[in-house]
**Q** 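My questions all concern the structure below.
In the text below, chain A, chain B and the rest are named by the order of the sequence lines, each starting its count at 1.
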Amino acid sequence: MMRVITWNINSVRLRLALVLDVLKQHKPDVLCLQETKTPDEFFPAEAFHQAGYVHQHVAGMKGYNGVAILSRLPLDKPDQYQRVKRDDKRHISAVVKDPAGDFLLHNVYIPAGGYEADLTAEKFRHKLDFVDDLAAFFAAQKQNKIPAMLVGDLNIAPLEHDVWDHKKMLKVVSHTPIEVEKFARLAEQGSWYDAIRHFVPADKKLYTWWSYRAADWDTADKGRRLDHMWVTPPLKERLKSQAILRDLRGAVQPSDHVPVILDLKR
DNA sequence: ATGGTCGGTACCCGA
């Protein structure tokens, strides 16, 4: 079995012990983090190295954003397939040297988009442009035949049951029709297939994020599925199982996102 | 009716 975990950690330094616990308990081959919120010189590389994740590809900055790929399997050609080089620290890539077959892994953190679902609002515009930019990038990659996986915090909940109340959320950034439309186009341009919904029917509620502002996140359960794991067709036949580690939202000092696990047959 | 909480950083911004 080959296991990949994606997790928006909202500060890797604050939650290092929690991440190490997850690694110990769930033993992924590869861990993709978003919102690490630290420049590379302060990234806790040694702690992950000691935990067995000796292959690391990290791109951080001060205070915001930041993505990392931590792997027990060798990583090749880091960022040969990156969307843009070294600017906003929201996208890194590497080829994972899996014994069952190498695959290209993209770790993505799409901007949240602010509060105003208005095309003239700067943050919303930035989010939509970022998605368009990614779609164009993957369209240009179409000739590339290597099997691929895309994971990360995409900050869009596309399906009716990816949010707690579809009608109420239609005007809320993350579930607006224009975001969902651009999200679908991104998936189409990259030939991406939703590997989590492969296992969970579309009419079943499924969340990976619960706001910090909810007094009782668990009983209120006003979640959204913002974190995704996608594969291209060559990896579909290897899909084995998925898991969303909901309980971690109840950890001491939790991230507002929980880890998502995808297992591939080997 | 339009809240509420985080984390990093520096007294606010982004989520």
Side-chain angles (χ1 to χ4, degrees), chain A residues 6-22 32-45 47 58-68 87-91 107-118 120-131 133-134 151-158 162-176 178-180 182-183 207-228 245-260:
Chain A
T6 182
W7 194 6
N8 178 319
I9 195 59
N10 189 13
S11 174
V12 68
R13 284 188 284 173
L14 185 70
R15 268 176 270 283
L16 178 60
L18 199 58
V19 185
L20 293 173
D21 280 351
V22 167
C32 291
L33 297 174
Q34 302 87 36
E35 279 207 272
T36 54
K37 291 188 171 180
T38 178
D40 295 350
E41 59 264 39
F42 302 128
F43 188 87
V58 175
M61 60 188 284
K62 189 177 177 180
Y64 309 104
N65 307 341
V67 281
D87 62 345
D88 54 11
K89 313 303 180 189
R90 290 178 178 275
H91 177 203
N107 182 11
V108 176
Y109 174 46
I110 290 177
Y115 291 110
E116 297 169 280
D118 180 339
T120 63
E122 193 181 335
K123 286 180 188 173
F124 194 61
R125 189 74 254 167
H126 177 227
K127 180 180 196 174
L128 297 178
D129 289 347
F130 190 97
V131 176
D133 187 18
L134 273 179
V151 308
D153 176 6
L154 305 186
N155 266 315
I156 295 171
D162 288 339
V163 294
W164 66 282
D165 189 317
H166 171 63
K167 282 187 179 173
K168 281 185 180 147
M169 292 291 296
L170 281 169
K171 289 181 178 175
V172 177
V173 174
S174 72
H175 194 63
T176 64
I178 184 144
E179 288 172 275
V180 172
K182 287 186 180 293
F183 187 89
Y207 313 135
T208 65
W209 173 92
W210 294 261
S211 171
Y212 280 128
R213 294 175 191 177
D216 189 342
W217 72 273
D218 197 18
T219 50
D221 201 20
K222 295 180 176 179
R224 305 177 202 173
R225 188 170 72 108
L226 302 179
D227 303 273
H228 298 273
L245 302 182
R246 179 185 170 108
D247 289 354
L248 275 159
R249 183 60 181 79
V252 177
Q253 275 199 311
S255 169
D256 45 354
H257 297 253
V258 297
V260 183

**Q** Specify the separation, in whole Å, of atom CH2 of A:W217 and atom P of B:dC6.
**A**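 Computing the A:W217:CH2 to B:dC6:P distance gives 14 Å.
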
**Q** Taking B:dG4 as the reference, what is the distance to B:dA15 when you measure between their C1' atoms (whole Å, please)?
**A**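 Going atom to atom, C1' in each nucleotide, I get 14 Å.
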
**Q** Atom CD of A:Q253 to atom C1' of B:dT5: distance rounded to whole Å?
**A**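 After rounding, the gap between these two atoms is 13 Å.
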
**Q** Main chain of A:N155, side chain of A:S174: is a donor-acceptor contact present, judged purely on distance under 3.5 Å?
**A**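 No, the answer is negative, given that no donor and acceptor are paired below the 3.5 Å cut-off.
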
**Q** Considering all heavy atoms of both residues, which atom of A:I156 and which atom of A:K127 are nearest to each other, and what is their separation?
**A**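 Distance-wise, the nearest heavy atoms are CG1-CE, 3.8 Å.
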
**Q** Write down the distance separating the P atoms in B:dT9 and B:dG14, rounded off to the nearest Å.
**A**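 My reading of the P atoms in B:dT9 and B:dG14 gives 14 Å.
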
**Q** In plain terms, say whether A:K222 and A:D165 are close enough for a salt bridge, that is, a side-chain N and a carboxylate O under 4.0 Å apart.
**A**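 Salt bridge flag = no for A:D165 with A:K222.
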
**Q** What is the per-nucleotide protein-contact pattern of nucleotides 9-15 of chain B, from the 5' end, where B denotes a base atom under 4.0 Å from a protein heavy atom, S denotes such proximity for sugar-phosphate atoms only, and - denotes neither?
**A** S----SB

**Q** Determine the sole option in A:K168, A:R225, A:H166 for which the side-chain contact (heavy atoms from CB on, under 4.5 Å) test with A:H175 is passed.
**A**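 Of the listed options, the one satisfying the test is A:H166.
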
**Q** With A:D40, which residues qualify under side chain to side chain contact (heavy atoms under 4.5 Å, CB included), at least two apart?
**A**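 Counting only residues at least two positions away or on another chain, A:D40 forms a side chain to side chain contact (heavy atoms under 4.5 Å, CB included) with A:V58.
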
**Q** Within a radius of less than 6.0 Å around CD of A:E41, do more than 12 heavy atoms belonging to other residues, nucleotides or ligands occur?
**A**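 Yes.
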
